[in-house]
Amino acid sequence: MNLPNRITLARICLIPFLMVFLLVDFPFYPEPLQLGSLSLPYNQLIAAVIFIIAASTDGIDGYLARKNNMVTNLGKLLDPLADKLLVTAVLISLVEMGKLDSWIAVVIISREFAVTGLRQIALLDGSVVAASAWGKLKTVVQIVAIVLLLLNNFPFSFTGIHMDVIAVWAAAIITIWSGIDYFIKNKNLLHLSKA
């Protein structure tokens, strides 16, 4: 168990804490943080910090694994799994909290399942589906959208710009397009078997 894999496991271990702060209504929370007209519950603020820490470890573990030649099969399995678990857990929590439409969560999660399935087909075929620029952009925009939703659109709430809504729509559109892009570029993997 090398350092990059430990970092990935730590990301997975943060998910239950994130869920607790999002979905459990503790009686000892102080009144929500008031920033002008913005009201931000402390549980959401704590959850946002945990999410940002967890999401930032995604780049760190991959960078360390490649730089120090510590890429392992376990890491190849755990890293994408950790990403999908983290995003799925938060999206479902946001739907439960009434902050995200369920259809957007379904679209994003479905895309993740579809691309994971494509990667599995590639592995069986002895090839690898490399991460695309659209896939990386999708990840960044999803993270930004989730953080804005957790922070009740802070700091854009002071400007009247609904950047959280814009980011959610951008995440949905880029998620769909990146999924289509993966399938177009790897359509050779989907040929019908002659057996």
Side-chain angles (χ1 to χ4, degrees), residues 8 11-12 14-23 41 43-44 47-59 62 76-124 127-154 156-157 161-191:
T8 305
R11 182 156 77 253
I12 294 172
L14 285 173
I15 295 170
F17 294 100
L18 181 61
M19 299 283 290
V20 165
F21 280 109
L22 285 178
L23 300 178
N43 65 314
Q44 287 180 217
V49 170
I50 293 171
F51 178 76
I52 291 167
I53 292 168
S56 67
T57 65
D58 181 28
K76 289 177 186 177
L77 170 71
L78 285 180
D79 187 55
L81 178 64
D83 299 340
K84 287 166 182 50
L85 287 173
L86 177 65
V87 170
T88 300
V90 178
L91 290 177
I92 292 171
S93 299
L94 288 168
V95 170
E96 174 73 16
M97 295 165 69
K99 291 180 151 296
L100 182 68
D101 289 336
S102 57
W103 72 266
I104 292 179
V106 168
V107 164
I108 292 173
I109 294 167
S110 297
R111 180 265 184 210
E112 299 302 338
F113 277 115
V115 172
T116 298
L118 183 65
R119 290 184 192 279
Q120 292 301 317
I121 293 170
L123 285 175
L124 292 173
S127 56
V128 175
V129 175
S132 70
W134 282 108
K136 292 174 183 175
L137 179 62
K138 175 266 311 178
T139 300
V140 171
V141 176
Q142 283 180 3
I143 290 169
V144 169
I146 289 169
V147 171
L148 286 172
L149 288 172
L150 291 175
L151 294 179
N152 292 347
N153 198 37
F154 176 81
F156 298 98
S157 53
I161 299 171
H162 296 284
M163 191 56 71
D164 53 349
V165 175
I166 294 169
V168 165
W169 276 99
I173 292 166
I174 294 169
T175 296
I176 293 167
W177 175 249
S178 70
I180 293 170
D181 183 57
Y182 272 114
F183 277 87
I184 290 172
K185 288 180 178 173
N186 297 282
K187 62 182 180 286
N188 59 307
L189 296 172
L190 302 176
H191 62 322

Test: side-chain hydrogen bond (donor to acceptor under 3.5 Å, both in side chains). Region: residues 104-117. Which pairs qualify, not counting sequence neighbours?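 side-chain hydrogen bond (donor to acceptor under 3.5 Å, both in side chains) check on residues 104-117 returns Arg111-Ser178, Glu112-Lys138.
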Taking only residues two or more places apart in sequence or in another chain, which ones pass side chain to side chain donor-acceptor pair (under 3.5 Å) with Lys185?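 Lys185 satisfies side chain to side chain donor-acceptor pair (under 3.5 Å) with Asp181 once adjacent residues are dropped.
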Sidechain-backbone polar pair: Asn153 side chain, Asp164 backbone, donor-acceptor under 3.5 Å: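 Pair found, side chain donor or acceptor close to backbone of Asp164.
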Give a yes or no answer on whether the side chain of Tyr182 reaches the backbone of Ala114 with a donor-acceptor pair at less than 3.5 Å.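 Judged by distance alone, no pair lies under 3.5 Å.
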Within a strict 4.5 Å, meaning less than it, do heavy atoms of the [X] and [Y] side chains meet?
| X | Y | result |
| --- | --- | --- |
| Val87 | Gln142 | yes |
| Asn152 | Pro41 | yes |
| Val141 | Val144 | no |
| Thr57 | Thr8 | no |
| Val90 | Met19 | no |

side-chain contact (heavy atoms from CB on, under 4.5 Å), that's the test. Do Ile143 and Phe51 meet it? Break it down for me. CA-CA 9 Å; Ile143 290 169; Phe51 178 76; 3.9 Å; yes
Value rounded to 0.5 Å, distance of [atom1] in [X] from [atom2] in [Y]:
| X | Y | atom1 | atom2 | answer |
| --- | --- | --- | --- | --- |
| Leu18 | Ile53 | CG | CD1 | 10.5 Å |
| Ile109 | Ser102 | CD1 | OG | 10.0 Å |
| Phe183 | Leu118 | CZ | CG | 4.5 Å |
| Ser157 | Met163 | OG | CE | 11.5 Å |
| Leu14 | Ile50 | CG | CD1 | 7.0 Å |
| Leu189 | Lys187 | CG | NZ | 10.5 Å |

For residues Ala145 and Val168, report the shortest heavy-atom separation together with the two atoms involved.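 Looking at all heavy atoms of both residues, the closest pair is CB-N, 3.9 Å.
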Kindly indicate, with the supporting measurements, whether the criterion side-chain contact (heavy atoms from CB on, under 4.5 Å) is fulfilled by Leu23 and Met97. CA-CA 8 Å; Leu23 300 178; Met97 295 165 69; 4.2 Å; yes
Please test Leu22 against Asn43 for side-chain contact (heavy atoms from CB on, under 4.5 Å), starting from the C-alpha separation and ending with a verdict. CA-CA 6 Å; Leu22 285 178; Asn43 65 314; 5.5 Å; no
For Phe113, is the CZ atom crowded, meaning more than 12 foreign heavy atoms sit under 6.0 Å from it?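 It does not: Phe113 CZ has 12 such atoms or fewer within range.
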Would you list the atom pairs, donor with acceptor, under 3.5 Å between side chains in residues 78-85 and any protein atom, with sequence neighbours excluded?
residue: Asp79; atom: OD1; partner: Arg11; partner atom: NH2; Å: 2.7
residue: Asp83; atom: OD1; partner: Arg11; partner atom: NE; Å: 3.3
residue: Asp83; atom: OD1; partner: Arg11; partner atom: NH2; Å: 3.0

Go through the steps to decide whether Leu150 and Ile146 satisfy the test side-chain contact (heavy atoms from CB on, under 4.5 Å), and finish with yes or no. CA-CA 6 Å; Leu150 291 175; Ile146 289 169; 3.9 Å; yes
